[in-house]
Amino acid sequence: MRRSPNMVPKSFFTLLILFILSTAVYGGRVIVDQSSSDLVSDGVHGGGGRNSTSIGRERGIISLFAAPVEEACEQSYGFLPCTKTALGNVFLIVVYGYLMFTAATYLSSGSELLLEILGPGLIGGLFLPILGALPDAMLILVSGITGSAAEAQSQVSVGIGLLAGSTVMLLTAIWGTCCIVGKCDIVNSIAVDLKDTKGLSFTGSGVSTDIWTSYAAMIMAVSVLPFIVVQLPQIFHSNSGRHLSVLIALIISLSLLLSYCLYQVFQPWIQTRRLAYVKHKHVISGILKHLKKHALGRLFTDHGTPNIEVLEKLFNAIDENGDKHLSHSELRALVVGIRLEEINLDENDAIAKVMKDFDTSLDEQVDLHEFITGVEKWLYEAKSTNGSSAQAGPNTINYIDDFHEETRREHSLLGEDQSDEIVEGVENPQKIAIKAALLLLLGTIIAAVFADPLVDAVNNFSSATSIPSFFISFIALPLATNSSEAVSAIIFATRKKQRSASLTFSELYGAVTMNNLLCLSVFLAIVYARGLTWNFSSEVLVILIVCIVIGVLGSIRTTFPLWTSLIAFAFYPFSLVLVYVLDYVFGWS
């Protein structure tokens, strides 16, 4: 999901123009000329000949765009523009939001360039998730770190609104949209790559992902544990342990964050080992299917023991030179003959593992006894995999086909097919590294500098309109901090392949996991360090419901028909309504 860093100059000049424009419009304070004739009145005439109705009308118009004279806004850093009016703060939210969007885009582009040079592991597992969550973490940090404790208590609603809004937006609107744009025809419970002929069929169209995406959904569901811990005092209506519960939740959150980063670092190695194991099982099933096809009789007798006569004939058929031993070249001919092209087989590795299974004497060849013993072990493994009885019977032949189909399905779920990804060598790694570092530095600086003014603009707009700042940050701020990631995920999903769908949904689950761990850790640290009150029961409930439902759904399924997108879309308005009802009808806040 690569975004071209060539957009940097154009985007930078665009945001610079917006910033200058906002400074010109809102940088100063409106001053009303109050002459002596305005200050002294006989109570009958309109002072200085000016009609009082006209004055009131002018002030009414001015109040839409400028703050009342007695109200003065506090400029961030002493020079950034500010205003107390609703329309003015809308403009500032758009400008500062665009700056945060640009910061997120720079961070994403820089981290992907770094990944191109250094590959997965430490970079892909540790730095990319952290950099992706950096804009959100910055906004949450500044929402509670500035001002007095009382001011921080009122401002942290912006942070919790952003945290909840980012999570809900990614798992509802973006999740559902990716499901729709990436849909393919579902055949035998699996979406067929690049085949989309059923239109908007709620059961016949959808997307399929690999098993690693299910693991990512499972991890995301587990990552809500700190939210549950910090809510325990409220659940049990206790006031004494609230501060302690924040500390415990912070420790758990940081521990889970470290564990998640380690998992991400070592996941490529785990995935490679798991894939190699499944490939070997598929080779075994292919050989057994080949032996069954060419056997003149059953491989097992009626008593459940190997059919020596049949296996000896098979051995002799494979032993081309008739020396009563199977060599590497003869095993190679066997493996090549079973035609397992669908798993992108490394023949040398496959032959070495088959030889290892058979060659108990370690003499680099397989005699008849070793062959019979090895085939018997494979047959019992195939039976145990399918839950079949060890005794021979009418299903003796069928279970080999079932075993072969099961190993093929396991390999498909691991999602090894990378034919849609073109891997190119890096021609000038030093130049790309410098470019990546500059993008990361610029993105970090923009996020750090403009996070505080954006929070101030949200709070000022909330004061001017009497709309709770939670709802403003819930709806507006995720559009700034997550838009780049969301657009990238949607575009990637349009490739209509299992691999692209797997990467798309894994990215969404990973982003939410970092919200639940890194961003929550920052938020809990602020609450604990500044002695703030944790009073966000309705917001936490929304996060728990959405994360657990989508997480469980993603854990137990690898294919998602279109009807699942309706569930995801419905959760967005449901979350807003639930928070409003709990806070303003039942008085949870």
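Remark: the backbone N or O of Lys198 is not paired with any side-chain donor or acceptor of Ser201 at under 3.5 angstrom. A donor-acceptor contact shorter than 3.5 Å is absent between the side chain of Ser502 and the backbone of Thr209. Between the side chain of Asp136 and the main chain of Leu162, no donor-acceptor pair closer than 3.5 Å is present. Panel note: side chain Ser223, backbone Leu517; no donor-acceptor pair is recorded below 3.5 Å. At least one donor-acceptor pair under 3.5 Å links the side chain of Ser565 to the backbone N or O of Leu562. Proximity of a side-chain donor or acceptor of Ser205 to a complementary backbone N or O of Gly199 within less than 3.5 Å is detected.
The distance from the CG atom of Leu520 to the CG atom of Asn515 is 9.5 Å, given to the nearest 0.5 Å.
For residues 161-187, the pairs satisfying salt bridge (Lys or Arg N to Asp or Glu O under 4.0 Å) are Lys183-Asp196, with sequence neighbours left out. Each side-chain hydrogen bond (donor to acceptor under 3.5 Å, both in side chains) pair with one or both residues in residues 438-462, not counting sequence neighbours, appears once here: Ser76-Asp456.
Defined by atom type and a distance below 3.5 Å, a donor-acceptor pair is present between the side-chain atoms of Ser208 and Thr559. No side-chain donor from either of Thr513 and Asn516 sits under 3.5 Å from a side-chain acceptor of the other.
The side-chain hydrogen bond (donor to acceptor under 3.5 Å, both in side chains) test applied to Ser259 returns no partner, not counting sequence neighbours.
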